[in-house]
There are 2 protein chains.
Amino acid sequence: MPRATRLTTGGARTRKSIREAAVKLFYEQGYEATSLRGVAAEVDLQVGSLYNHINGKEDLLADIMISVMDELLDSVHDAVEAAEPTALARYEAAVGCHIRYHAEHAQQVFIGNSELRSLNEDNRTKVLTKRAEYENLFLRLVKKVAAETGADVIDPKIQAYSVLAQGAHVSSWYRPSGPKSLDKLVGTYIKLAVRELGLPAS
Amino acid sequence: MPRATRLTTGGARTRKSIREAAVKLFYEQGYEATSLRGVAAEVDLQVGSLYNHINGKEDLLADIMISVMDELLDSVHDAVEAAEPTALARYEAAVGCHIRYHAEHAQQVFIGNSELRSLNEDNRTKVLTKRAEYENLFLRLVKKVAAETGADVIDPKIQAYSVLAQGAHVSSWYRPSGPKSLDKLVGTYIKLAVRELGLPAS
DNA sequence: CCTACCGATCGGTAGG
DNA sequence: CCTACCGATCGGTAGG
């Protein structure tokens with residue numbers, strides 16, 4: 001039995017393909033303008049067959065939006081923990097991870113930032129809760145930098161919002177084929193974020 | 001004839017009401033999820049009657065998106081010309097006007113930033129051209145500040161993008177009922193923008 | 001400005 | 001996983 005792992009692949013693989021097709025179409029056309037027939041065609045299925053893998057159109061969207069927030073939270077937490085144990089280094093790591101994720105997952109993040117309205121109350125609450133958690137993560141980091149360095153932070157909340165705004169914007173224009181290297185881009189945004197705190201470049 | 005001005009009001013007033021209803025519903029539900037029946041109901045008309053005032057659903061959207069860009073361009077141009085004739089003062093005026101407009105017209109701007117996909121090629125090109133013009137306006141201002149003050153601007157394009165990103169973000173959360181006064185908010189964003197240029201607060 | 005209608009398309013389901 | 005279908009709703013139009 002050299003291929004025992006294959007036992008579970010068929011269904012899971014199809015499910016993943018459907019999700020990827022949904023990300024692509026939701027990004028290109030928007031959730032409302034995307035038909036399940038379009039999603040099905042993308043993975044060579046008929047509409048009815050989709051229902052062997054998903055519970056409905058909105059489930060597909062909720063899945064994408066919730067998992068993108070989970071990934072973001074995990075990534076930034078990991079980046080912060082891996083950084084040097086100073087408040088500024090941790091903040092820089094968080095900003096860098098935030099920008100990098102938004103560039104590398106531009107489609108998913110863009111969907112996450114534009115289709116909140118299409119979720120029912122239950123799913124919307126779930127996503128909003130995770131977003132609030134993400135915001136608070138940055139807010140705490142900003143406040144720690146201020147406490148540890150004495151930086152003259154004008155408004156910690158706007159400061160955190162500023163970083164979130166840059167990420168959202170990056171996800172709307174970044175393409176891997178662009179002229180700038182991603183490392184350089186991330187570095188630029190980190191410098192801007194540090195400057196905004198009123199600190200000299202490190 | 002004490003009400004001669006009324007001669008032209010009837011039709012124009014209805015047209016304006018329809019547009020305002022469309023802004024409200026496009027903002028709340030998104031363009032695709034909004035039906036012309038919903039728009040009609042909002043102004044106490046039947047669907048068919050809308051066509052005495054508009055050419056179709058997309059015309060309504062294109063109108064909103066194009067006029068928001070025209071207003072933005074005019075406002076910022078005016079603000080720049082009214083400012084003290086130093087590059088930094090002009091830049092500060094532009095950033096302040098940008099943020100203020102995005103707060104005061106949050107719904108229209110939010111539509112402008114999220115429904116590009118729903119326009120046909122012709123209208124999309126019109127809007128994108130105006131957006132490019134708007135971006136260039138900020139890019140030139142940043143470069144002038146750098147030239148005049150010797151500021152160490154890391155990347156003028158990203159710098160301009162940063163300001164645009166803040167505006168888009170503000171339009172997604174700002175409510176007039178919020179705790180912060182608009183003047184104070186605008187002031188905060190101006191300070192952040194100046195700091196990003198590597199200049200001390202003025 | 002309304003009534004009544006058109007063809008098209010949608011999400012979802014039954015039944016196999 | 002497919003065929004065939006459902007009711008609902010859509011943008012838009014004719015005709016008055």
Side-chain angles (χ1 to χ4, degrees), chain A residues 6-65 111 115 117-124, chain B residues 6-65 111 115 117-124:
Chain A
R6 227 153 177 275
L7 276 171
T8 50
T9 45
R13 212 189 316 162
T14 306
R15 197 162 200 286
K16 202 182 161 198
S17 304
I18 293 172
R19 219 191 102 132
E20 284 167 3
V23 167
K24 182 189 167 201
L25 296 180
F26 290 169
Y27 176 76
E28 287 173 5
Q29 312 171 345
Y31 173 76
E32 293 285 350
T34 299
S35 72
L36 285 181
R37 278 151 180 86
V39 176
E42 197 82 15
V43 293
D44 285 313
L45 287 180
Q46 300 301 315
V47 209
S49 310
L50 287 182
Y51 287 82
N52 293 316
H53 303 96
I54 63 172
N55 293 322
K57 193 185 177 188
E58 194 188 317
D59 255 51
L60 212 44
L61 177 62
D63 241 39
I64 293 167
M65 293 185 71
I111 293 168
E115 300 291 1
R117 290 178 300 210
S118 302
L119 293 177
N120 65 31
E121 207 190 304
D122 210 56
N123 284 325
R124 189 164 53 239
Chain B
R6 234 164 170 269
L7 276 172
T8 49
T9 46
R13 212 190 314 164
T14 306
R15 198 162 199 284
K16 202 182 162 197
S17 303
I18 292 172
R19 219 191 104 132
E20 284 167 4
V23 168
K24 182 188 167 199
L25 296 180
F26 290 170
Y27 176 75
E28 286 173 4
Q29 312 171 345
Y31 172 77
E32 292 285 350
T34 299
S35 71
L36 286 181
R37 278 150 180 87
V39 175
E42 197 83 16
V43 293
D44 286 312
L45 288 180
Q46 300 300 315
V47 210
S49 310
L50 287 182
Y51 286 82
N52 294 315
H53 303 94
I54 64 171
N55 293 322
K57 193 186 178 187
E58 195 189 317
D59 254 50
L60 213 42
L61 178 62
D63 241 39
I64 294 167
M65 293 185 71
I111 294 169
E115 300 292 2
R117 289 177 301 208
S118 302
L119 294 176
N120 65 30
E121 207 190 304
D122 210 55
N123 285 325
R124 189 163 53 240

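Hydrogens, waters and symmetry mates play no part in the numbers below; they use all other heavy atoms, side chains included. Throughout, a chain's letter reflects where its sequence line sits, starting with A, and its residues are numbered from 1.
- To the nearest 0.5 Å, the span separating CG on A/Leu50 from CZ on A/Arg37 amounts to 10.0 Å.
- Separation of atoms NE2 (A/His53) and OG1 (A/Thr14) is listed at 4.0 Å; rounding is to 0.5 Å.
- Where A/Arg37 and A/Leu45 each meet DNA chain D at their nearest nucleotide, the meeting point lying more 5' is that of A/Leu45.
- Summarising the geometry, atom CZ belonging to A/Arg124 is positioned 12.5 Å from atom CD belonging to A/Glu115; distances are rounded to the nearest 0.5 Å.
- Heavy-atom contacts of chain B under 4.0 Å fall on DNA chain D between two terminal nucleotides, which in 5' to 3' order are D/dC10 to D/dT13.
- B/Leu45 contributes atom CG, which lies 11.5 Å from atom CG of B/Leu36 (distance to the nearest 0.5 angstrom).
- The residue from B/Arg13, B/Arg19, B/Glu20 that alone fulfils the side chain to side chain contact (heavy atoms under 4.5 Å, CB included) condition with B/Lys16 is B/Glu20.
- Summarising the geometry, atom CZ belonging to B/Arg15 is positioned 12.0 Å from atom CG belonging to B/Asn52; distances are rounded to the nearest 0.5 Å.
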Convert the base pairs of DNA chain D into dot-bracket notation, remembering that pairs crossing earlier ones are written with [ ] and that bases paired across to another strand are shown as |; include only Watson-Crick or G-U pairs under 3.5 Å. ||||||||||||||||
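- Shown here for B/Ala21 and B/Val43, the closest heavy-atom pair between the two residues is CB-CG1, 4.0 Å.
- Of the residues near DNA chain C, A/Ser35 and B/Gln46, the one whose nearest nucleotide (by heavy atom distance) lies more toward the 5' end is B/Gln46.
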Give every donor-acceptor pair under 3.5 Å between a side-chain atom in residues 57-65 of chain B and any protein atom, sequence neighbours left out.
from    : atom 1 : to       : atom 2 : distance (Å)
B/Lys57 : NZ     : B/Tyr31  : O      : 2.9
B/Lys57 : NZ     : B/Thr34  : O      : 2.8
B/Glu58 : OE2    : B/Asn120 : N      : 2.7
B/Glu58 : OE2    : B/Asn120 : ND2    : 3.2
B/Glu58 : OE2    : B/Asn123 : ND2    : 3.3
B/Asp59 : OD2    : B/Asn55  : ND2    : 3.2

